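The first residue in the sequence is number 1, and the count goes up from there. Computed from a predicted model, the values in this text were never measured in an experiment.
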Amino acid sequence: MHKVRVRFAPSPTGPLHIGGVRTALYNYLFAKKHHGVFILRIEDTDQARFVEGAEGYIIEALRWCGITVDEGINEGGNYAPYRQSERKEIYRQYADMLVEKGDAYYAFDTPDQLEKMREAAVAEGRTFIYNASNRGMLHNSLSMKEDECERLLASGEQYVIRYKMPAEEEIHFNDLIRGNMVVNTGTLDDKVLFKSDGMPTYHLANIVDDHLMEISHVIRGEEWLPSLPLHVLMYRSFGCEVPAFAHLPLILKPDGKGKLSKRDGDKMGFPVFPLYWPYGETAKGYREEGYYPEAFINMLALLGWNPGTEKEIFSMEELIEAFSIERVHKAGSRFDPDKARWFNHIYLQQKENKQLAIEFREFLRARGFHYDIIRLEKLVAMVKERVSFVKDLWTETDFFFESPDAWDKDIVAKRWKPESPVILAELRDTMANLPDFSAEETEKIVKSWIEAKGYSTGLVMNSLRLVVVGALRGPHLFDIISWIGREETLIRIDKGIDTLGQIQK
């Protein structure tokens, strides 16, 4: 195998879809597995669709994901520039080369003329294709005399350069994922390679850059599969070695019916972009939703590839070691938002309590609560198994910080008994005089007190949880009591005794 050189070549036309991130990831994993080079090339030749801020978004998204660029617009490299808009002169040379060789030609047809031809074809129940079957009757350098073509070019008449697709030739090519394929050129059109605005199309710029940058493997989405015969022919026209191709499957909607879109995410409440998109029609991102980049990458890696084992949790280093193009699926992969959350849950469980406490502290500070890390570590340890995101810690611990002021009437009616106020008043006096308010000591003394009094453990504990927590939820009750402290516990008991009886009535 030649030196592995792969590229991720997004267009800065909007936020980077997770399908694009997966393409970047698979390129990166393949390159690192084979000790190769991962290149970021910005394909900004479509100036009409260029979106300010998109290029920076792409770079930041890859950085957050841990996908390190070896060569690119910021990193530099021996094949610079890596932004296509800065390579226009190069593409023109190659377009002219194809025209001189006879593998491309000038086409002067206007957009209006072509649209009328398409409409006429539809009216006749057929599809208009600009190729060998009709190019001789259209307005191009193949159908006109040489001097007329030269006159039009000299006068500044607008034109495009089209590739001259061979007539009725079988093109054989191989895809590393899909195997050997054959396409007859009679079904293909003469694609535009160079536009009237002086910019190349994807087809020309992509081939030229991949050749000049010595790309060994082109790993891209399956939407480019129909373009593969043209690209193979263009390599042949240039006399270049054809790189290996691999076309990745689509990421499908959760129901498996069609390609995953932003609309699906908006409808079902999950992101389809790695980061928050702040421009125009904004969109939420995985980072801002609280996902860890390691969890996001792990989830994405398995969305179209499997390691051949039951193992699901992989570090980036383990993914590099295990990855192979041969184990990428042909069929589309259904996105499962619940599975994405599961991955984040697993990675959150692996975090040190101190790290989670530091992250949670920022959340609490925004709400006006200030606690030291050691105390928050203890809190995190009680509830971390119940959550998938740091932001969910608040949902599981709000009662640690705020005394309950609302109770579910149905739960009160079921769990708060007429004798509850008297029993809790007695228990309050016992707890007020405890020398040690640790969870272990409080639990031991309270349970001994319940036994000595002959009370129902369920009645006492349910009543106590209601006044302390406000609901029948939360971690071990004595851990809660110990954390909020004696004074707060007694205040909540008093408040509960005064309030819950009135609610029950």
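- Under a 4.0 Å N-O distance rule, the pair Lys354/Glu352 does not qualify as a salt bridge.
- Side-chain atoms of Asp70 come within 3.5 Å of backbone atoms of Phe38 as a donor-acceptor pair (strictly under, hydrogens ignored).
- The distance from the CD1 atom of Ile325 to the CG atom of Leu29 is 9.0 Å, given to the nearest 0.5 Å.
- Relative to the ring axis of Tyr347, Lys351 does not place its NZ or CZ within 45° and under 6.0 Å from the centre.
- Residues Thr397 and Phe360 have side chains in contact (heavy-atom distance under 4.5 Å, counting atoms from C-beta outward).
- Ion pairing between Arg92 and Asp96 holds under the 4.0 Å rule for side-chain N and carboxylate O.
- If you check the side chains of Tyr202 and Glu43, you find no donor sitting under 3.5 Å from an acceptor.
- The salt bridge (charged side-chain N to carboxylate O under 4.0 Å, His left out) test with Asp190 is passed by exactly one of Arg135, Lys164, Arg162: Arg135.
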Legend entry - Worked check of salt bridge (charged side-chain N to carboxylate O under 4.0 Å, His left out) between Lys259 and Glu223: CA-CA 11 Å; Lys259 182 179 178 180; Glu223 65 269 22; 5.0 Å; no

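- Heavy-atom minimum distance, Leu142 versus Asn140: N-OD1, 2.9 Å.
- Remark: aromatic rings of Phe270 and Phe335 are close, center separation under 6.0 Å.
- Note on Lys116 versus Glu119: no salt bridge recorded, every NZ/NE/NH1/NH2 to OD/OE distance being 4.0 Å or above.
- Within the 4.5 Å cutoff, the side chain of Arg118 has heavy atoms near those of the Glu115 side chain.
- Atoms CE and CG, on Met97 and Asp103 in that order, are 11.5 Å from each other to the nearest 0.5 Å.
- Taking the six-membered ring for Trp and thresholds of 30 and 60 degrees, Tyr130 and Phe128 have ring planes more than 60 degrees apart, a perpendicular arrangement.
- For Ile58 against Pro12, the heavy-atom pair with the smallest separation is CD1-CA, 4.2 Å.
- The closest side-chain heavy-atom distance from Trp305 to Ser333 is not below 4.5 Å.
- Using modelled atom types and a 3.5 Å distance limit, the side chains of Tyr159 and Ser141 yield no donor-acceptor pair.
- Taking a cutoff of 4.0 Å between a charged side-chain nitrogen and a carboxylate oxygen, Lys257 and Asp264 do not qualify as a salt bridge.
- Taking each heavy atom of Thr185 and Glu168 in turn, the nearest pair found is OG1-N, 3.2 Å.
- A donor-acceptor pair is defined here as one N or O able to donate and one able to accept, closer than 3.5 Å; such a pair exists between the side chain of Asn134 and the backbone of Ile129.
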Inset, instruction - Verify side chain to side chain contact (heavy atoms under 4.5 Å, CB included) between Ser261 and Lys253, making sure each step is shown before the conclusion. - result: CA-CA 7 Å; Ser261 70; Lys253 303 171 186 282; 4.2 Å; yes

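- Tested against Asn353 for a side chain to side chain donor-acceptor pair (under 3.5 Å), the candidates Lys378, Glu377, Lys384 yield a single pass: Lys384.
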Legend entry - Derivation of the side chain to side chain contact (heavy atoms under 4.5 Å, CB included) call for Tyr291 and Met299: CA-CA 11 Å; Tyr291 282 83; Met299 175 273 294; over 6 Å; no

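- Within the 3.5 Å criterion, the main-chain N or O of Ile215 finds no donor-acceptor partner in the side chain of Asp210.
- Looking at Arg220, Arg178, His217 one by one, the single match for side chain to side chain contact (heavy atoms under 4.5 Å, CB included) with Phe245 turns out to be Arg220.
- If you check the side chains of Asp197 and Gln47, you find no donor sitting under 3.5 Å from an acceptor.
- Taking the six-membered ring for Trp and thresholds of 30 and 60 degrees, Phe323 and Tyr26 have ring planes inclined between 30 and 60 degrees apart.
- Within the 4.5 Å cutoff, the side chain of Pro15 has no heavy atoms near those of the Leu275 side chain.
- For the residue pair Asp209/Tyr91, the side-chain donor-acceptor check at 3.5 Å is satisfied.
- Among the candidates Leu62, Ile42, Val21, the single residue satisfying the side chain to side chain contact (heavy atoms under 4.5 Å, CB included) test with Phe8 is Leu62.
- Judged by a 6.0 Å distance limit and a 45° cone about the ring axis, Arg7 is not positioned over the six-membered ring of Tyr79.
- Using a 30° and 60° split on the angle between ring planes, His203 and Trp224 fall in the perpendicular class, above 60°.
- Considering only heavy atoms from C-beta on, Tyr163 comes within 4.5 Å of Ser237 through its side chain.
- Using a 4.5 Å heavy-atom cutoff, the side chains of Pro249 and Val328 are in contact.
- Within the 4.5 Å cutoff, the side chain of Leu376 has heavy atoms near those of the Leu364 side chain.
- A side-chain donor-acceptor contact under 3.5 Å links Ser216 to the backbone of Arg5.
- With values rounded to the nearest 0.5 angstrom, Glu318 atom CD is found 9.5 Å from Glu321 atom CD.
- The backbone N or O of Val387 sits less than 3.5 Å from a side-chain atom of His345, completing a donor-acceptor pair.
- The shortest heavy-atom contact between Arg327 and Pro307 is NE-C, 3.6 Å.
- When side chains are defined from C-beta on, Ile313 counts as touching Phe343, because their heavy atoms get closer than 4.5 Å.
- The CZ atom of Phe389 sits 9.0 Å away from the CG atom of Leu348 when rounded to the nearest 0.5 Å.
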Inset, instruction - Please test Lys3 against Val37 for side chain to side chain contact (heavy atoms under 4.5 Å, CB included), starting from the C-alpha separation and ending with a verdict. - result: CA-CA 8 Å; Lys3 172 74 172 179; Val37 176; 4.0 Å; yes

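- For the 3.5 Å distance criterion, the side chains of Glu359 and Gln355 qualify, holding a donor opposite an acceptor.
- In terms of heavy atoms, Leu250 sits closest to Glu222 at CG-OE2, 3.3 Å.
- Annotation: Lys88, atom NZ; neighbour count of heavy atoms from other residues, nucleotides and ligands within 6.0 Å does not exceed 12.
- Ion pairing between Arg263 and Asp266 fails under the 4.0 Å rule for side-chain N and carboxylate O.
- Judged purely by distance below 3.5 Å, without hydrogens or angles, the side chains of Asn306 and His329 pair a donor atom with an acceptor atom.
- Under the 3.5 Å distance criterion, with hydrogens and angles disregarded, no donor-acceptor pair is assigned to the side chains of Tyr279 and Glu52.
- Salt-bridge check for Glu289 with Lys391: passed, with a basic side-chain N closer than 4.0 Å to an acidic carboxylate O.
- In this structure, the ring of His231 has its center no less than 6.0 angstrom from the ring center of Tyr235.
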Inset, instruction - Run the numbers on Arg287 and Phe296 for side chain to side chain contact (heavy atoms under 4.5 Å, CB included), then give the verdict. - result: CA-CA 9 Å; Arg287 180 176 66 180; Phe296 174 68; over 6 Å; no

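- Among all heavy-atom pairs drawn from Gly221 and Thr23, the shortest one is N-OG1, 4.4 Å.
- Taking CG of Leu204 as the start and CE of Met199 as the end, the distance is 11.0 Å to the nearest 0.5 Å.
- Atoms CD and CG, from Glu312 and Leu302 in turn, are 7.0 Å apart once rounded to the nearest 0.5 Å.
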